[in-house]
Structure formats: C-alpha cells, structure tokens
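One structure is given below, encoded as structure tokens.
Naming: A, B, ... by sequence-line order, numbering from 1 per chain.
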Number of protein chains: 2
Amino acid sequence: MNTIPKTSRKQIRVVIAEDQGMVLGALAALLEIEGDITVVARAKNGKEALRAVLAHKPDVFITDIEMPEMTGLDVAVELKRQHKDTRVIILTTFARAGYLRRALDAGASGYLLKDMRAEELAEAVRRVQQGLRVIDPELATEAWGDPDPLTDRERQVLRLAGDGVTSLDIANDLGLSEGTVRNYLSEAISKLGAANRTEAARIARTKGWL
Amino acid sequence: MNTIPKTSRKQIRVVIAEDQGMVLGALAALLEIEGDITVVARAKNGKEALRAVLAHKPDVFITDIEMPEMTGLDVAVELKRQHKDTRVIILTTFARAGYLRRALDAGASGYLLKDMRAEELAEAVRRVQQGLRVIDPELATEAWGDPDPLTDRERQVLRLAGDGVTSLDIANDLGLSEGTVRNYLSEAISKLGAANRTEAARIARTKGWL
DNA sequence: CCGCCTGTGTGACATTTGTCACGACCAGCG
DNA sequence: CGCTGGTCGTGACAAATGTCACACAGGCGG
C-alpha cells in the first residue's frame with residue numbers, strides 16, 4: 001500500500017467509458033483512491049463518452065472498445081479528427097492484433113488488457129499523461145504478425161455467415177447474387193486456412209478482423 | 001459519498017473470484033471503501049477460489065461464472081456439496097436464463113449483472129449476508145421462460161459444430177457415426193427453430209444452454 | 001410387462017456449401 | 001497506356017449438410 005499522499009502535485013483529470021456499470025464504478029473507485037487522479041466524468045456508451053470528453057477536456061480518456069452507440073475506437077478516431085489533445089487509453093478484454101492496430105491508427109496512447117493487475121492502471125495513466133505510450137507487452141510483440149487479409153466485402157459476408165445466415169439470405173441482404181456470396185466465402189475460407197465458413201468466422205473473430 | 005463510518009458493526013468478510021485482474025482489483029477497491037466490508041482473499045480462477053473459500057470461510061463469496069480451471073457455478077456446486085454455509089453471489093456479464101437456473105440449483109443466494117450500478121454490489125452483499133436473496137429483477141421475471149430443450153448429446157454435438165468442426169470430425173471425436181451426428185444436429189436445429197447448425201449454436205449460446 | 005424416450009444406427013434424397021474456371025467492369029498506379 | 005486488384009457475375013461439379021423414415025437397444029415410470 002502507498003501511504004505517501006500524491007495529492008500534492010497537480011491532479012490528473014480523467015474520463016472513463018465502460019458499458020458495464022459495475023466495472024465502470026469499480027474502476028473509478030480504484031483510480032480515485034490513488035489520490036493524484038480525479039475522475040471528472042463517467043460514460044456508459046460511446047456517444048456519451050465523446051460528449052463528456054469534449055465538455056471536460058480531461059488529460060486522459062480511458063475507454064472500453066465494445067460499447068453501445070459507438071465503439072471506443074470510433075470515439076478515438078473522432079477525437080483525433082477534431083485534433084483534441086486528450087490522450088486515449090484503450091482498456092479491453094481482447095488481446096487482438098487487429099484491435100491494437102486500429103487503436104494505434106486512431107492515435108491512442110495506450111492499449112491495456114483487463115486481465116492485467118489493477119495497480120498498473122493508475123501507473124499507466126501517469127505515464128500516458130507524461131506523453132509516453134503504454135502498450136501491453138504481450139500484445140506489442142505478437143501484434144505485428146499478420147495484417148488483415150480480408151477485403152471489405154469478404155469481411156461483411158463472413159460476419160453474416162458466422163451468425164448462421166444462409167448464403168442466399170446474405171445475397172439478398174447485400175444485393176448480390178448467391179454465387180458471388182459463395183465466391184467471397186470461399187476466398188475468405190482459403191485465406192484464413194479454415195475448413196468452412198463457421199471456422200473461418202471464428203478465426204477472423206479471434207484475430208479481431210471481424 | 002458516505003462519511004458515516006460503518007466499521008462500528010461487525011465486518012462482513014468476503015472472497016472475490018474474477019479472472020480479469022483489473023476488474024478483480026477494482027471490485028475489491030470498491031467494496032473496501034464501504035468500510036463495513038473486508039476482502040479477505042482474491043482468486044483469479046475457480047480452483048483458487050474454492051481453496052480460498054475453504055481456507056477463509058468468509059461470510060460471502062462473490063464470483064464470476066466464466067473462469068479458467070473451474071466455473072463459478074462449479075465452485076458453487078462444490079460448496080453446496082460440502083455443506084459450507086458461505087453465501088454465494090454470482091456476478092456475471094450474461095443475462096441468461098440457463099445460467100440463473102443453474103445458479104439457483106447450486107444454492108446461490110444472489111445473481112447480479114455487471115451492468116448494474118456499482119453501488120448496488122455492496123448493498124447486495126449486506127442483504128445476502130442477512131440471509132436474503134438478491135436476484136437481478138430483469139432476470140427474475142424473464143428467467144422462468146424456457147427450459148433447455150436439448151439432450152446432453154445434442155448439446156455436445158452442437159458445441160463442436162458451432163466452432164466449425166465438421167460432422168465427420170465430430171463423429172470421430174465422440175466415437176459416433178456421421179449419420180448419427182447429422183441426426184442430432186437436425187434435431188437441435190429443429191428444436192431451436194434455426195435454419196442451420198451455425199444459427200442453432202448461436203441461439204443456444206445466447207440462451208446459456210451451451 | 002408395456003409403452004415411451006434417449007441414444008444409436010442406416011439408407012436415401014434434396015439442398016446448401018465449397019471449389020474452380022472464366023469473364024466483365026472499374027479504379028488506381030506506374 | 002496497360003497492369004493489377006477489388007467487385008460482381010455465370011456455370012458446373014464435388015462435398016457437406018439437413019431431412020426423413022425406419023430400426024433396435026436400454027432404462028424408467030406406470
């Protein structure tokens with residue numbers, strides 16, 4: 001435990017976005033007890049988060065990826081587009097190369113996994129606030145392995161197929177012919193080294209390509 | 001914020017199990033600041049959790065469901081089997097009727113969702129410690145809807161099929177004939193009102209039957 | 001003991017899926 | 001300008017999948 005008061009230096013102001021209320025509240029509690037960090041706003045979805053960041057202009061913005069309304073990554077992209085200088089930390093369950101890549105493209109300063117030790121979060125916030133980058137080490141190495149080999153159409157088709165939608169229905173949905181859909185799926189299956197559409201979808205999902 | 005010290009009455013001793021370190025630490029922090037609750041041990045998987053509960057005999061045991069080694073539900077079942085009187089609260093992401101049913105069968109006193117407000121967790125702990133039950137209201141109503149229609153074999157086969165394993169491979173895995181596997185899948189598909197194995201698996205998963 | 005359900009199996013058949021080869025169109029790029 | 005890659009399509013064929021009817025064993029409740 002740390003008994004040295006950290007309140008003496010200037011406070012780090014953060015906004016947190018996370019759709020699971022329990023986790024949101026708990027993370028806020030965790031950061032607040034550090035003393036040198038103040039949670040100025042909380043958001044339960046992407047749009048709320050974006051508004052909160054624009055309104056409060058915090059030093060650091062911590063966000064989950066998978067949220068209603070708007071993805072954490074989408075929010076990061078929007079902040080970058082508006083040239084806001086709030087630093088962004090992505091905090092997620094998923095150790096997926098595709099997510100990390102997209103996070104970095106969106107100008108995120110940190111990418112942490114929820115299964116890290118809780119104490120590291122506060123430390124990461126401090127590092128990021130000083131302009132450093134914090135990437136989960138496990139991910140950092142593995143990440144630059146394989147880029148997404150799928151084209152947009154392939155991804156789109158595979159996503160539906162992975163939910164059990166039939167080739168014909170996919171064709172109708174997207175305004176294509178059934179043969180074309182089968183061609184895309186065949187391509188995707190071969191690119192991913194899968195045996196069928198279901199396995200292909202599973203693989204793509206775990207890589208963060210879907 | 002609550003400024004009234006709750007430490008005057010006797011402390012409630014809890015053990016928490018949750019595989020995501022960040023969430024585990026954050027929940028512990030959240031409960032500790034309540035004052036009347038002490039986290040006596042933390043576990044990152046089911047087996048650790050079981051050992052911790054047996055060793056510390058806490059008043060309340062809070063656990064996630066999906067964890068390595070052993071499911072939170074499995075731990076609850078084992079505690080019931082050993083006639084331990086620690087009360088169990090299941091805290092999970094999934095609002096699935098099947099999970100709730102199994103949790104209650106396992107003698108759990110609480111079933112809460114991670115997207116509830118964080119403040120409610122401490123309150124739930126107090127209620128449960130007093131012998132009350134705490135079930136997420138949304139779930140409580142919806143729960144007694146539909147019982148799992150699948151037989152063990154159907155479930156087993158569907159699980160594999162949902163991961164993209166081929167009928168023939170499933171047959172070899174389970175020591176069945178391919179035709180039999182196809183029969184089970186056909187049955188499962190019709191029971192679930194799905195159009196194919198993939199959709200059937202998806203449906204079963206969202207219902208908590210897989 | 002008689003049904004009834006589950007688990008297991010077969011065979012036949014229709015449909016869906018996966019593969020291949022091929023062609024057309026268009027955009028971007030050297 | 002010609003090449004390349006992505007998109008979209010057709011047709012044909014092989015393999016996997018889904019459906020049905022039927023059969024036989026074992027267990028369990030009436």
Side-chain angles (χ1 to χ4, degrees), chain A residues 97-98 101-102 105 145-210, chain B residues 98 101-102 105 146-210:
Chain A
R101 157 101 33 124
R102 278 193 269 164
D105 285 350
D146 24 36
D148 185 346
L150 301 174
T151 69
D152 286 344
R153 272 308 199 195
E154 286 161 2
R155 203 186 345 276
Q156 203 175 6
V157 168
L158 189 55
R159 196 159 13 214
L160 291 171
D163 280 348
V165 183
T166 237
S167 299
L168 185 58
D169 288 343
I170 296 175
N172 290 141
D173 261 34
L174 304 182
L176 298 177
S177 103
E178 193 197 342
T180 304
V181 169
R182 295 226 298 282
N183 282 338
Y184 285 140
L185 282 172
S186 186
E187 256 307 295
I189 290 166
S190 112
K191 281 179 179 176
L192 300 177
N196 53 54
R197 52 179 69 196
T198 308
E199 196 190 352
R202 193 171 53 75
I203 292 173
R205 260 189 258 268
T206 64
K207 296 273 195 176
W209 295 334
L210 228 59
Chain B
R101 156 103 30 126
R102 278 194 269 163
D105 286 349
D146 25 36
D148 184 346
L150 302 175
T151 69
D152 285 344
R153 273 307 200 193
E154 286 162 1
R155 201 184 347 274
Q156 204 174 5
V157 168
L158 189 54
R159 197 159 11 215
L160 291 171
D163 280 348
V165 183
T166 238
S167 299
L168 185 59
D169 288 344
I170 296 175
N172 290 141
D173 261 33
L174 304 181
L176 298 177
S177 103
E178 193 197 344
T180 305
V181 170
R182 296 227 299 282
N183 281 338
Y184 285 140
L185 282 173
S186 186
E187 256 307 294
I189 289 166
S190 111
K191 281 180 179 176
L192 300 177
N196 53 54
R197 53 181 67 196
T198 308
E199 195 188 354
R202 191 172 54 77
I203 292 173
R205 259 189 259 268
T206 64
K207 296 274 195 176
W209 295 335
L210 228 60

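Straight-line distance from the CD atom of A:E187 to the P atom of D:dC8: 14 Å, rounded to whole Å. The separation between B:L158 atom CG and C:dG7 atom P is 14 Å, rounded to whole Å. Computed from coordinates, the A:L185 CG to C:dC20 C1' distance equals 15 Å when rounded to whole Å. To the nearest angstrom, P of D:dT17 lies 17 Å from CD of B:E199. Distance CG (A:L160) to P (C:dT16): 17 Å, rounded to an integer number of Å. Distance A:E154 CD to D:dG6 C1': 9 Å, rounded to the nearest Å. Across the protein-nucleic acid pair, A:L168 atom CG and D:dG18 atom P stand 16 Å apart, rounded to whole Å. Between B:D152 atom CG and C:dC5 atom P there is a gap of 18 Å when expressed in whole angstrom units.
In this model, the phosphate group of C:dT16 is not approached by any side-chain N or O of A:S167 to a distance below 4.0 Å at OP1 or OP2. Distances shorter than 4.0 Å separate some side-chain N or O of A:R153 from OP1 or OP2 on D:dC8. Note on B:S177: every side-chain N or O is 4.0 Å or more away from OP1 and OP2 of C:dT8. For the OP1/OP2 pair of C:dG7 and a distance below 4.0 Å, the side-chain nitrogens and oxygens of B:Y184 include no atom meeting the criterion.
In terms of position on DNA chain D, the residue among B:G164 and A:G175 whose nearest nucleotide sits closer to the 5' end is A:G175. In this structure, A:G179 and B:N196 both approach DNA chain D, and ranking their closest nucleotides by distance from the 5' end singles out A:G179. Both B:N183 and B:T151 lie close to DNA chain C; mapped to their nearest nucleotides by heavy-atom distance, the more 5′-ward contact belongs to B:T151. The 5' end of DNA chain C is approached more closely, in terms of each residue's nearest nucleotide, by B:L176 than by the other of B:L176 and A:E178.
Looking at B:R182, its side chain comes within 3.5 Å of the base of D:dG18 through a donor and an acceptor atom.
Comment: A:R155 engages A:D152 in a salt bridge, judged by a side-chain N to carboxylate O separation of less than 4.0 angstrom.
The only option from A:E178, A:R197, A:R182 that meets the side-chain hydrogen bond (donor to acceptor under 3.5 Å, both in side chains) definition with A:S167 turns out to be A:R197.
Of all the heavy atoms in A:L192 and A:I203, the pair that sits closest is O-CD1, 3.7 Å.
Judged by distance alone, with hydrogens and angles left aside, the side-chain atoms of B:E199 form a donor-acceptor pair with the main-chain N or O of B:A195 at under 3.5 Å.
Across all strands, A:T166 comes closer than 4.0 Å only to sugar-phosphate atoms, never to a base (heavy-atom distances).
For the residue pair A:Q156 and A:R159, no side-chain donor N or O sits within less than 3.5 Å of a side-chain acceptor on the partner.
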